[in-house]
Structures are given as structure tokens and as C-alpha cells.
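We number each residue from 1, following the sequence as shown.
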Amino acid sequence: MGRYCSKMAYRFYSGSGSLGYVRGLLNYNLSCCTNALLQSFSATTELLDILNKWHPSDETDERNVLLQLKNALEAMRDKSHPAPHKDFLKCLYYQAVRPSTQQDADEIFHIILNLSQKQMPDAAVAQEIRSLFEIQVENQVVCSECTYIHRAPSSLFSLPLAIFERDTLESCIKSFFMLQELPDSEKAYCDRCAEKRPSTHEVRLVSLPPILCVQLKRFRNDKGFIRKLSSKVTFPEMFSTEIFAAGQSENADYVKTNEYYSLYAVIVHEGHMFGHYTAFIRSNQEEMWYYADDCRVRPSTWADVQDTYGGSHQYGSTAYLLLYRKKSRNLSA
């Protein structure tokens, strides 16, 4: 989707004290999805700090997604650069992303992070990037007959939350970690009983990352057709990790009341299935929000972000991905 472009660029200060920019990005071949994600990656100053520890032997590799991401994030801080993300887009097109095609923001988010793990030759840097976003969980299937527990560790780069009519972020999280009775058609094999038994399933939280990405699952398969859910889902600028405490171990580190997460990026989907992506961005040290719609950037407000809760009309602008940064209790939002 093409958009009129202005040359505006609004600067912000990153967590490390360097000067950066929330700046417009031209839309190439329906790149609004990647453009919005790049705005969130640029605001994730911890990511560029990690990438700056890496000194690649080949600085011209056009197929290395992390090298091109690093170059794009650095170029976005130079407002005189006409197309800071063009080589990064080409790099994604070399991989699994088709140009001139509508993309899903959560899917592209995972493609970028998964490729970063495959293509990063420095194992320590790769692990730092993984640890920055990785949510560690454990799937527990409990046999209803003998109470044997089958445990399967897993990890996620985003927390996929099913949404319902007039929901809240807290209620969506509680639903995700809720104990569920498996239907008879999905009986689980019990190693102790050596046969399929009625069972329960539960996802247990193991650890939360410094950067928590939440996906509000607004797209649902309905009898072979994908439809968008525009249900209202409210979310706060800051929340305590206490909201993860329901059903979790009381001595777990991640439910400590002195741990808080502060919202700093919202990826917004506008329209029906074939829509448009934009982003709301707030820097690490500013109260100011900015709105980035491809090449157009303007100051914004928390009230504008709240307008993306949904529920007002069927195919409006609705929040899809939420990025929260872990903060200490004494820091402001």
C-alpha cells in the first residue's frame, strides 16, 4: 500500500544515551509490515547494543539478516539517509518473505529472530539476542487416572493470547495459563498407564525476558476462512508481573512484585485481512509517544494508543503486537 512521504524525523534518546530517530520509512512492495517492525526494533535499544558487540568478517553479506538489520538500525539514526531499510528488505526477500505480498507482523517478527539464530556465527551474541526476547514455558499434561505428569519445556518469542469480546490483557494472560480438560477426542498417551487417558493440559511459566512481545490473536480460522476479530482488548502502559502469578509457584522469581513491564511499542493492524500496518513508539526515557505510518511520522499521545483497543467498528485500527520492557519498581513508565 503506497503512502505519501514526508521528510520528517523525530529524534529520541536510547537507553544507552545515544541519539536515535523515529523516522519515516518508504513503503517498498507493500513493506508496511516490516516498516512497523523496524520502528519497534529501533526503539529496542538493547538489541542494537547487542549487535554492536558483533564484528562480522564479511560486512557485505547481503543475505545475512542480522548484518542488514544492524545496518538498517544504524542508518535509521541518520536522518539524511534516504532509504535506511532498503537492503534489509532485500535481505528478507532473499529468505522466506515474498515481496509485493501482504505479510503478518507476528510471522515476520519470528522469521527475523529465527534467522538471527541460524545466521549469527558468534554464539554468545546469538544467545544474547535469544535471551532478550525468549519466554520460557513448560507444557504439563497430567493423566486424570494416575496423575502422572508429562513435562515438555518450550520457548516462545511472543506470547500468543486468544481474545474474546471486551477483554483485558490480564484476563487474556490468565486464560493462556489456565488449566484445561482435554476433550475425549484428544486423550493423551500416558507413559505410566501405557495407553491414552483422559488428561488435563496446562502451560506453566518458567521465565520472562527483558523484552516481552505479546500477540493479540486477532485472526481466526472460521470454517476455512480467515477473519479478523476487532473485539475490544484493553492493555496498560505498565503492569506488574503479579498478573502472571495465578496458578504459578509462589516462590518463582517472575511473580515478584518489584518487577514491572512498561509498554514502548504497539504494532497496529488497520483494515480487514488485507490491511495496513503502522506503529506507535515511545523511547526509553521520554514520556512522548510517536506514530509512524510508513514515511509519515508525527507526535502522538497515550490516548491515541488507547484508540487501538478495538471494538468501535469492525475493521478499524487495532493493536496486534505489544512490546513491553522490563523495568524496576522505582522507575516511571
Side-chain angles (χ1 to χ4, degrees), residues 8-25 31-52 65-66 68-79 81 84-85 88-89 105-106 108-110 112-113 116 128-129 131-133 157-159 209-216 235-239 260-269 277-302 304-306 308 319-327 331-333:
M8 292 173 131
Y10 294 94
R11 68 182 186 178
F12 64 86
Y13 290 96
S14 73
S16 60
S18 61
L19 188 65
Y21 292 88
V22 179
R23 56 157 298 166
L25 297 173
S31 68
C32 62
C33 176
T34 305
N35 289 358
L37 285 171
L38 272 173
Q39 299 289 0
S40 70
F41 282 132
S42 181
T44 310
T45 53
E46 300 90 341
L47 177 59
L48 187 56
D49 288 342
I50 294 171
L51 289 174
N52 284 335
V65 69
L66 269 189
Q68 298 305 328
L69 176 59
K70 178 183 178 182
N71 292 342
L73 295 181
E74 290 175 342
M76 285 174 68
R77 285 153 170 74
D78 177 7
K79 66 179 181 180
H81 199 298
H85 62 317
F88 177 67
L89 291 173
D106 186 66
I108 301 300
F109 180 76
H110 278 80
I112 292 170
L113 291 180
S116 76
E128 279 197 68
I129 294 171
S131 298
L132 184 63
F133 295 98
F157 282 135
S158 66
L159 191 64
I211 301 298
L212 175 63
C213 180
V214 174
Q215 178 201 13
L216 301 178
F235 49 86
E237 276 193 287
M238 178 176 283
F239 67 81
Y260 281 77
Y261 277 90
S262 178
L263 185 68
Y264 73 95
V266 179
I267 306 299
V268 176
H269 183 270
Y277 283 100
T278 60
F280 285 94
I281 301 296
R282 185 175 64 175
S283 78
N284 198 14
Q285 296 183 2
E286 283 188 68
E287 295 296 325
M288 187 71 181
W289 282 93
Y290 298 97
Y291 178 64
D293 179 358
D294 285 335
C295 50
R296 297 185 297 180
V297 178
R298 60 172 171 81
S300 190
T301 65
W302 170 237
D304 293 331
V305 179
Q306 290 175 301
T308 68
Y320 184 47
L321 296 183
L322 311 175
L323 274 79
Y324 284 88
R325 171 180 284 113
K326 184 180 288 188
K327 289 182 172 290
L331 289 179
S332 65

(message) Test side chain to side chain contact (heavy atoms under 4.5 Å, CB included) on F239 and Y260; report intermediate values, then the result.
(response) CA-CA 6 Å; F239 67 81; Y260 281 77; over 6 Å; no
Any [X] side-chain heavy atom under 4.5 Å of [Y] side chain:
{"X": "L69", "Y": "I112", "answer": "yes"}
{"X": "L212", "Y": "L322", "answer": "no"}
{"X": "S158", "Y": "H110", "answer": "yes"}
{"X": "E74", "Y": "N52", "answer": "yes"}
{"X": "D106", "Y": "F157", "answer": "no"}
{"X": "I211", "Y": "F133", "answer": "yes"}
{"X": "D304", "Y": "F280", "answer": "yes"}
{"X": "Y324", "Y": "P210", "answer": "no"}

(request) Go through the structure and list residues passing side chain to side chain contact (heavy atoms under 4.5 Å, CB included) with Q306, not counting sequence neighbours. (result)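 Scan of Q306 (side chain to side chain contact (heavy atoms under 4.5 Å, CB included), adjacent residues dropped) gives W302, A303, Y309.
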Minimum heavy-atom separation for [X] to [Y], with atom names?
{"X": "A43", "Y": "I281", "value": "CB-CG2, 3.6 Å"}
{"X": "E46", "Y": "R325", "value": "OE2-NE, 2.6 Å"}
{"X": "P84", "Y": "A75", "value": "CB-CB, 3.4 Å"}
{"X": "R23", "Y": "M76", "value": "CD-O, 3.0 Å"}
{"X": "I267", "Y": "A105", "value": "CG2-CB, 4.0 Å"}
{"X": "L38", "Y": "L73", "value": "O-CD2, 4.2 Å"}

Interatomic distance, [X] atom [atom1] to [Y] atom [atom2] [nearest 0.5 angstrom]:
{"X": "H269", "Y": "T308", "atom1": "NE2", "atom2": "OG1", "result": "13.0 Å"}
{"X": "S40", "Y": "L323", "atom1": "OG", "atom2": "CG", "result": "5.0 Å"}
{"X": "H85", "Y": "L37", "atom1": "NE2", "atom2": "CG", "result": "12.0 Å"}
{"X": "S116", "Y": "I50", "atom1": "OG", "atom2": "CD1", "result": "10.0 Å"}

(request) Decide whether Y291 and T278 meet the rule of one side-chain donor and one side-chain acceptor closer than 3.5 Å. (result) yes
(request) May I ask you to check if R282 and Y264 form a cation-pi contact, with NZ or CZ under 6.0 angstrom from the six-membered ring centre and within 45° of the axis? (result)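 No - R282 does not lie over the ring of Y264 by the 6.0 Å and 45° rule.
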(message) If you apply the rule side chain to side chain contact (heavy atoms under 4.5 Å, CB included), what do you find for S42 with R77, and how did you get there?
(response) CA-CA 9 Å; S42 181; R77 285 153 170 74; 3.1 Å; yes
(request) Check step by step if side chain to side chain contact (heavy atoms under 4.5 Å, CB included) holds for L263 and M238. (result) CA-CA 6 Å; L263 185 68; M238 178 176 283; over 6 Å; no
(message) Closer than 3.5 angstrom, by distance alone: can the side chain of S131 be matched with the main-chain N or O of E128 as a donor-acceptor pair?
(response)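 Pair absent, no side-chain N/O of S131 close to backbone of E128.
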(message) For Y320 and Y277, take the angle between the two ring planes, folded into 0 to 90°, and tell me which bin it lands in: parallel under 30, tilted 30 to 60, perpendicular over 60.
(response)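 Rings of Y320 and Y277: tilted, as their planes differ by 30° to 60°.
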(message) Run the side chain to side chain contact (heavy atoms under 4.5 Å, CB included) test on L25 and D294 for me, step by step, so that the C-alpha distance in whole Å, both residues' side-chain angles and the decisive distance to 0.1 Å come before the verdict.
(response) CA-CA 5 Å; L25 297 173; D294 285 335; 5.9 Å; no
(message) List the residues meeting side-chain hydrogen bond (donor to acceptor under 3.5 Å, both in side chains) with T34, not counting sequence neighbours, and say none if there are none.
(response) none
